[in-house]
Amino acid sequence: MRPILIAGNWKMHGTVSSTKTLIQQILEESKKIEVELALFPPFVHIPQCNELLSRSNISFGAQNVSEYADGAYTGEISATMLKDLNCRYVIVGHSERRQLFQETNTQIANKCIRALNASIYPILCIGETLLQREKNLTLSVVKEQLEVIRILKDNCSAYHQIVIAYEPVWAIGTGQSASKEQAQFVHAAIREIVRNMDSADSDWANRIRILYGGSVKPDNAESLLSMPDIDGALVGGASLNAKQFIDIAKAAGKEG
Ligand code: PGA
């Protein structure tokens, strides 16, 4: 059984004060939640998570990490800095970073390697655009993006600790989620692609967690999370509201 993970990606939102309130509300509401929760604030609010969540079961992490270890890289944040603040996870290759900041598979793989070397679990985001889906290219696009894992496998022995998030770009922030059947179809295909990457450890594909992201809300979470290959959610907009985020986690709990 793969442990469910409900992750909240706060993107570039919040102030010190609003973030404190949101963390406290989530802490308060999460008391009876049995699935793992993880929060992803902007870098500058990670110290607040470190302070306020230290005695809780709630994990946290960053939305990005440098592909470099350390040195003269103005504006970058390294994996060891994130580990120093007790980050458990880091999101890598989010479609906003691929599209707006032109991140490539090689850069994303390097970020994963930095994270894994610092004992941080990368959450690798993949997913097709609407145009790609309409052209029936979904599976070839996710396969191409999963090349990151092939690069990882050749360069980092901890590669099997990666988490995948399937996030169709057309569903992100649009209010239009993939249907549970559409999502399950791609999740199962991703697991099969991963399985074929490692003939020596075929069980790895059964253990890897594949989250779904893209307009996950309290009212669609239960049906998405009921699918056999969907192991959690990466939630954007709804994670900025403590009640909605916790309601999504409760829907996941019903499955377990
Ligand atoms: P959304 O964002 O839930 O607002 O669609 C998801 C994401 O970008 O991770």
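Ligands are counted one by one from 1 in listed order, and the atoms in each one are counted from 1 as well.
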Checklist entry - Got the residues with a heavy atom under 4.0 Å of ligand 1, by chain and number? => result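 Answer by chain and number: N9, K11, H94, E167, A171, I172, G173, G214, S215, L234, V235, G236, G237.
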Item to check | Residue pair N206 / R191, side-chain donor-acceptor N/O under 3.5 Å | outcome: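 Looking only at side-chain atoms, R191 and N206 do not form any donor-acceptor pair under 3.5 Å.
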Item to check | Residues forming a side-chain contact (heavy atoms from CB on, under 4.5 Å) with K83, sequence neighbours excluded | outcome: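 With neighbours one apart ignored, the set is A118, S119, I120.
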Checklist entry - Is the shortest side-chain N to carboxylate O distance from R209 to E36 below 4.0 Å? => result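 A salt bridge links R209 with E36.
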Please set out all donor-acceptor pairs under 3.5 angstrom arising from side-chain atoms of residues 152-162, sequence neighbours excluded.
unit_1	atom_1	unit_2	atom_2	d
K153	NZ	M197	O	3.0
N155	ND2	I151	O	2.7
Y159	OH	D198	OD2	2.4

Item to check | ring-ring contact (aromatic ring centres under 6.0 Å, His included): pairs with one or both residues in residues 164-187, sequence neighbours excluded | outcome: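 For residues 164-187: Y166-H187.
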Next on the checklist: Using only atom types and a distance under 3.5 Å, with no angle test, would you say the side chain of S30 pairs donor to acceptor with the backbone of I26?
Outcome noted: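 Yes; judged by distance alone, with no hydrogens or angles, the pair exists.
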